[in-house]
Every structure is written in structure tokens, then in C-alpha cells.
Amino acid sequence: MARKGLIQREKKRQKLEQKYHSIRRSSKKEISKVSSLSEKWKIHGKLQSSPRNSAPTRLHRRCFSTGRPRANYRDFRLSGHILREMVHACLLPGATRSSCYFYDHRIIAEPLSHFV
């Protein structure tokens, strides 16, 4: 289990990123539209004046159940060893069991009768 302070810090970064998302996007669009270099520098300075933790590159994906920052699967929001435990316990529908850490998580939604 990750320390609670690290998890809270990550949640704070997520809130800041959501708050400044539209401001960052509009500033980047303005930079692409403006042709003069001095105008681009002014807009870039405004973009840099936002908090560092509001940048989306500062966000880190964490495991939903344990808060582990490494080896996360995006589809499940779980770390590798928790995913393996849940697949072996048949708690994740559509995931097949395997002896290694790679899982086939594709779900076949339709029967194959339309190929006949």
C-alpha cells in the first residue's frame, strides 16, 4: 500500500490539471495561430506562469486498490500483481488466466454465428 500522503498529492495534481486544462489548451491554440515571435513569447510566459503541478505530464497512474505507481494496466486501473490475483480468482470478466503476467483482456461480445 502506498503512503496516504503520496496518494493525496496525486489527487491534488489531478484537481489542478482539471482546473487549468482549458487555460493551457487555449494558450497552446493561441501560440499556433500567432505568427510573430514576440507574441509567442508573451503567450508562452503566460503558459509558464501556471502551477507546475497543473501540467498533465506530472500526473502518474496509480493502482486503484493499492495505490502502487508502477506496472499499471490502463484498462483495469490495477497493478500487475493485483490484476493477476483477481484474474486467478475469476473476478474480472473477459480476462483469461495465464501463467505469465500478460493477459488477454479482449472480450468477445458477439457469437461467431455470423461467420457461418
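Keep in mind that what you see is a predicted model, and the values were worked out from it rather than measured. Just the heavy atoms: all of them, side chains too, but no hydrogens, waters or symmetry mates, feed the values below.
- Legend: residues meeting salt bridge (Lys or Arg N to Asp or Glu O under 4.0 Å) with Glu10, ordered by chain and number and at least two apart, are Arg13.
- With values rounded to the nearest 0.5 angstrom, Ser54 atom OG is found 13.5 Å from Gln14 atom CD.
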>> As a quick check of understanding, evaluate side chain to side chain contact (heavy atoms under 4.5 Å, CB included) for Leu6 and Arg62, giving each step before the final call.
In response: CA-CA 10 Å; Leu6 295 176; Arg62 289 190 171 268; 3.8 Å; yes

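- From Glu30, atom CD reaches atom CG of Leu47 across 10.0 Å, with rounding to the nearest 0.5 Å.
- Linking Ile, Leu, Val, Met, Phe, Trp and Tyr whenever their side-chain heavy atoms come within less than 4.5 Å leaves Leu16 and Leu59 in two separate clusters.
- The OG atom of Ser79 sits 8.5 Å away from the CD atom of Glu85 when rounded to the nearest 0.5 Å.
- Atom-to-atom distance recorded for Thr66:OG1 and Asn72:CG is 7.5 Å, nearest 0.5 angstrom.
- Residues Arg24 and Pro56 have side chains in contact (heavy-atom distance under 4.5 Å, counting atoms from C-beta outward).
- Linking ILVMFWY side-chain heavy atoms closer than 4.5 Å, directly or via other members, places Ile43 and Trp41 in two distinct hydrophobic clusters.
- Ser50 contributes atom OG, which lies 10.5 Å from atom NZ of Lys46 (distance to the nearest 0.5 angstrom).
- Hydrophobic clustering (ILVMFWY, side-chain heavy atoms < 4.5 Å, transitive): Leu78 and Leu91 are in one cluster.
- Atoms CZ and CZ, from Arg3 and Arg9 in turn, are 7.0 Å apart once rounded to the nearest 0.5 Å.
- Not counting sequence neighbours, the partners of Ser36 by the side-chain contact (heavy atoms from CB on, under 4.5 Å) test are Val34, Ser38, Glu39.
- Evaluation of the side-chain contact (heavy atoms from CB on, under 4.5 Å) rule for Arg70 yields Arg68 as partners, not counting sequence neighbours.
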